[in-house]
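Take a look at the structure below.
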Amino acid sequence: MKSILNHKTICLQLAIICTLLLPSACNDAKFLEEKPMDFLAPENALSTVAGLKQGITGLHWTVRNDWYFGEELQDQISIWKCLGTDIAFHGEDPNSTRFLCNYVTYLHPEQSESVYDFWRRPYRLIQRANSFIVSAEALDESLWQRSTQKAEYIAEARFLRAWAYRHLVSFYGDVPVYTEVIDEAKTDFTRDPTSKAYALMEEDLTYAAQNLPDPGQEEDPGRATKGAALHLLTEIYLMQHKYSDAVASATRVINDFGYRLMTERFGSTNDVFGTGDVYLDLFAYGNQTISENKEGIWVIQFEPPSVTGGSNSRGIRAFGPAYFRMGNTPDGVTAFRGELVNGVYTGYSDTLGRPVSWIRPSSLMVYTVWEGNWDNDIRNAPHNIKRDFYFDNPASAYHKQKIDFSLYPADAGRDAVRDTCQYIYPFFMKHADPLNILNDLPTSGGGATYKDQYAMRLAETYLYRAEAYIGLNDKEKAAADINVVRERSHAKPVAAADVDIDYLLDERARELYGEVSRHFVLRRTGKLIERVRKYNDNPRNPGLNIQDYNVLWPIPQQQIDLNINGDFPQNPGY
């Protein structure tokens with residue numbers, strides 16, 4: 001909102017200057033009409049079907065760049081994925097002033113860039129969606145290419161608007177809710193109750209579920225469909241504890257559109273460690289949107305650098321350990337020789353890429369959740385979670401030996417925290433892209449991957465429905481849905497008596513680590529504070545100093561300061 005207000009302030013200042021300098025000309029009201037002549041604006045860019053299609057692409061571009069590593073927004077994206085929860089902490093520097101290493105010092109309404117960005121980015125998407133909807137509604141009916149296209153396009157914008165409001169309500173609680181385009185300076189916003197936001201989200205998603213195309217009928221890969229709308233609607237129901245409604249919408253996703261969990265190997269394979277399975281195939285380059293894959297519901301599109309508009313995910317950079325920084329072997333030579341590029345050994349592996357340890361999984365994530373199924377759950381297989389790393393330098397007597405820091409002499413001066421939080425720790429290979437380096441060979445891709453990213457897949461829908469059944473105290477049905485997911489992974493089935501919300505959260509971690517925002521599920525289940533304190537084992541700050549009031553984030557102070565003509569209270573505790 002700040003950018004909107006600042007832009008309009010400039011426009012108002014220019015208008016005042018015109019009034020003072022050209023009083024006779026300003027008598028003509030048409031003189032003050034802003035007409036874009038040599039730049040794109042909603043008035044001209046969204047005045048055709050082709051322009052509206054570009055507008056839809058722009059909305060998806062916003063989602064991709066803001067929330068899926070399309071831009072290197074290090075703190076914000078890493079926090080949105082995992083940091084600050086029970087399953088991960090910042091590995092590069094666990095005591096950093098960044099990356100939500102300490103809730104009290106980080107969530108500062110005046111100084112935290114993340115606090116502002118988590119507020120600004122959803123509202124930017126909402127403003128763009130509202131502009132799109134207004135333009136689509138105004139387009140002459142004769143210009144549409146088919147009878148359902150107008151409703152489909154509006155439905156897609158409303159789906160994305162609901163997606164953005166979900167962020168705001170989860171992180172901030174009561175927020176301004178508006179469906180109109182804010183096209184002039186506005187300084188009297190009010191915080192609407194969450195019930196108003198939920199009502200709008202339900203209305204938007206119900207419309208989307210009625211008017212979006214069926215899966216497989218969308219105009220382009222990555223576009224929204226009825227399945228995606230119902231999947232998100234299920235989450236919105238869960239946020240409000242409307243469990244019967246959540247069961248109904250999840251059941252439609254599971255039964256009505258031809259989705260199914262993938263249980264046999266498919267597509268391209270990337271068995272670089274000698275073995276693989278269907279879970280690995282889900283995350284192999286190029287497999288996310290092919291027709292064989294019936295599990296993906298909404299998939300964020302990435303393209304290689306050769307494609308205009310292409311962008312990369314920084315998943316490797318975020319989730320992997322910075323093995324290349326660990327220094328020397330115990331006998332004093334470089335631990336990682338790396339690949340030979342242009343006659344020089346780079347120090348980087350084209351199997352592991354160039355990670356930077358932004359997101360280090362907690363002990364809960366790498367050990368506890370696998371207990372009892374360590375050897376049989378394929379999600380914990382060595383090719384899905386790389387736990388063993390090896391010295392890579394023929395000049396060393398330790399060449400090809402497994403890295404074990406106990407091999408170093410006691411006086412080697414090693415830092416145990418850096419060794420195990422930044423340099424070497426289990427790497428979930430779903431976030432890697434082994435041997436698929438499309439650019440920047442000297443750094444093995446620089447931490448980038450160009451494979452598409454799941455925003456929604458059917459395994460989560462089953463776990464949504466299980467969550468709803470737990471809310472309805474129907475543990476038998478909850479266990480049945482959880483076991484559909486576990487059966488695919490060859491994990492032992494869970495007994496109904498053992499199912500509760502904590503078990504479900506553990507299963508979500510096993511299945512969905514790093515794919516969806518952990519913050520949303522911990523908040524809606526009321527488990528954020530408890531599980532961060534219990535399981536976040538940041539060695540410099542266990543429990544991350546999280547306080548009870550940190551369930552909600554502070555409203556950015558600049559938003560409050562700009563709202564000079566309306567009461568805009570801060571969240572409690574800040």
Determine whether Thr234 and Arg465 satisfy the following criterion, side chain to side chain contact (heavy atoms under 4.5 Å, CB included), listing intermediate values before the conclusion. CA-CA 8 Å; Thr234 301; Arg465 193 167 69 175; over 6 Å; no

Check the surroundings of atom OH in Tyr367: do more than 12 heavy atoms from other residues, nucleotides or ligands lie under 6.0 Å from it? no

Where do Asp481 and Arg486 land on the salt bridge (Lys or Arg N to Asp or Glu O under 4.0 Å) test, with the steps shown first? CA-CA 9 Å; Asp481 277 343; Arg486 291 180 65 75; over 6 Å; no

*asked:* With a 6.0 Å cut-off (strictly less than), is the heavy-atom count around CZ of Arg414, excluding the residue itself, greater than 12?
replied: yes

Taking atom types as modelled, is there a side-chain donor on Tyr345 or Asp392 under 3.5 Å from an acceptor on the other?
no

Would Glu303 and Lys451 pass as an ion pair if we require N to O under 4.0 Å? no

**Prompt:** Is there a donor-acceptor pair under 3.5 Å between the side chain of Ser444 and the backbone N or O of Gly353?
**Reply:** no

Review point. Will you find, in the side chains of Tyr464 and Glu460, an N or O donor that is under 3.5 Å from an N or O acceptor?
Key: yes

Geometric cation-pi criterion, Arg387 with Phe273: 6.0 Å, 45°: no

Margin query: Determine whether Arg531 and Thr85 satisfy the following criterion, side-chain hydrogen bond (donor to acceptor under 3.5 Å, both in side chains), listing intermediate values before the conclusion.
Written below: CA-CA 7 Å; Arg531 287 182 67 103; Thr85 71; over 6 Å; no

**Prompt:** Are there more than 12 heavy atoms of other residues, nucleotides or ligands under 6.0 Å from atom CD of Glu476?
**Reply:** no

Next item on the list: Could you check Arg325 against Glu92 for salt bridge (Lys or Arg N to Asp or Glu O under 4.0 Å), going step by step and ending with a plain yes or no?
Entry: CA-CA 11 Å; Arg325 293 175 176 169; Glu92 188 174 23; 3.0 Å; yes

message: Using 30° and 60° as the class boundaries, would you call the ring planes of Trp553 and Tyr172 parallel, tilted or perpendicular?
response: perpendicular

Is the side chain of Lys81 donor-acceptor paired with the backbone N or O of Gly514 at a distance under 3.5 Å, no angle test? yes

**Message:** Centre-to-centre under 6.0 Å for Phe389 and Tyr323, is that the case here?
**Reply:** no

State whether a side-chain donor-acceptor pair under 3.5 Å links Thr443 with Arg354. no

Worksheet item: Taking 4.0 angstrom as the limit, do Glu218 and Lys226 come out as a salt bridge?
Response: no

Margin query: More than 12 heavy atoms of other residues, nucleotides or ligands under 6.0 Å from CD of Glu487: yes or no?
Written below: no

query: Can you check ring pair (Phe, Tyr, Trp, His ring centres under 6.0 Å) on His241 and Tyr243, steps first, answer last?
result: CA-CA 5 Å; His241 302 165; Tyr243 297 124; 5.6 Å; yes

With a cut-off of under 6.0 Å to the ring centre and 45° to the axis, is Arg488 in cation-pi contact with Tyr279? no

Ignoring hydrogens and geometry, is there a side-chain-to-backbone donor-acceptor pair from Thr346 to Tyr348 under 3.5 Å? yes

Distance col, row Leu125:CG vs Trp163:CH2, nearest 0.5 angstrom, shows 7.5 Å

Applying side chain to side chain contact (heavy atoms under 4.5 Å, CB included), run through Asp86 and Lys534 and close with a yes or a no.
CA-CA 8 Å; Asp86 53 343; Lys534 184 175 181 179; over 6 Å; no

Does Glu511 come within less than 4.0 Å of Arg379, counting only side-chain N to carboxylate O?
yes

- Query: Between Asn293 and Asn287, do the side chains contain an N or O donor and an N or O acceptor separated by less than 3.5 Å?
  - Reply: no

Pair Asp404 + Lys402: basic N to acidic O under 4.0 Å = no

Donor + acceptor pair across side chains of Asn436, Tyr450 (<3.5 Å) | no

Would you say Arg360 and Tyr425 are linked by a side-chain donor-acceptor pair, where the criterion is simply a distance under 3.5 Å? no

Closest heavy-atom pair, Pro94 versus Arg540, reported as atoms and distance to 0.1 Å, is CB-CG, 3.7 Å

Answer yes if the side chains of Gln301 and Gln453 hold a donor-acceptor pair under 3.5 Å, and no otherwise. no

Side chains of His383 and Asp277: do they bring a donor and an acceptor to under 3.5 Å?
yes

Between the side chains of Lys430 and Tyr513, does any donor sit under 3.5 Å from an acceptor? no

### Query
Any Lys/Arg nitrogen of Arg533 or Asp548 sitting under 4.0 Å from an Asp/Glu carboxylate oxygen of the other?
yes

Has the side chain of His399 got a donor or acceptor atom that lies under 3.5 Å from a matching backbone atom of Tyr390? no

| field | Expected output: side-chain Glu339 to main-chain Gly347 donor-acceptor under 3.5 Å | value | no

Angle class for the Trp370/Phe428 ring planes (parallel below 30°, perpendicular above 60°, tilted otherwise)?
tilted

Side-chain donor-acceptor pair present, Asn376, Asn373, cut-off under 3.5 Å
yes

Problem - Arg524 to Phe520 six-membered ring, cation-pi geometry met (6.0 Å, 45°) - result: no

Query - Centroid separation Tyr198 to Tyr165 less than 6.0 Å - result: no

* Above 12 or not: heavy atoms from other molecules or residues under 6.0 Å from CZ of Arg418? -> no

- Task: For His167 and Phe118, run ring pair (Phe, Tyr, Trp, His ring centres under 6.0 Å): C-alpha distance rounded to whole Å, both residues' side-chain angles, the deciding distance at 0.1 Å, then the answer.
- Result: CA-CA 8 Å; His167 287 64; Phe118 272 71; 8.0 Å; no

d(Ile470 CD1, Ile501 CD1) to nearest 0.5 Å is 4.5 Å

Between Ser362 and Asp537: side-chain donor-acceptor atoms closer than 3.5 Å: no

- Message: Looking at Lys527, I want to see if its NZ is surrounded by more than 12 non-hydrogen atoms of other residues, nucleotides or ligands under 6.0 Å.
- Response: yes

- Determine, step by step, whether Asn393 and Tyr398 satisfy the side-chain hydrogen bond (donor to acceptor under 3.5 Å, both in side chains) criterion, reporting the C-alpha distance in whole Å, the side-chain angles of both residues, the deciding distance to 0.1 Å, and the verdict. CA-CA 8 Å; Asn393 195 328; Tyr398 294 90; over 6 Å; no

Plane angle bin for Phe319 and Phe69 - parallel if under 30°, tilted between 30 and 60°, otherwise perpendicular: perpendicular

Please assess Tyr259 against Val253 for the test side chain to side chain contact (heavy atoms under 4.5 Å, CB included), listing each intermediate value before the final yes or no. CA-CA 8 Å; Tyr259 297 121; Val253 178; 4.0 Å; yes

- Item | Derivation and outcome, side-chain hydrogen bond (donor to acceptor under 3.5 Å, both in side chains), residues Ser313 and Tyr68 | CA-CA 6 Å; Ser313 162; Tyr68 288 91; over 6 Å; no

- Item | Residues Arg260, Glu295; criterion salt bridge (Lys or Arg N to Asp or Glu O under 4.0 Å); working and verdict | CA-CA 5 Å; Arg260 62 178 173 84; Glu295 188 165 336; over 6 Å; no

Worksheet entry | Polar side-chain atom of Lys475 near backbone of Val499 as donor-acceptor pair, under 3.5 Å | yes

- Consider only side-chain N and O atoms of Ser249 and Tyr237, and report whether a donor and an acceptor are under 3.5 Å apart. no

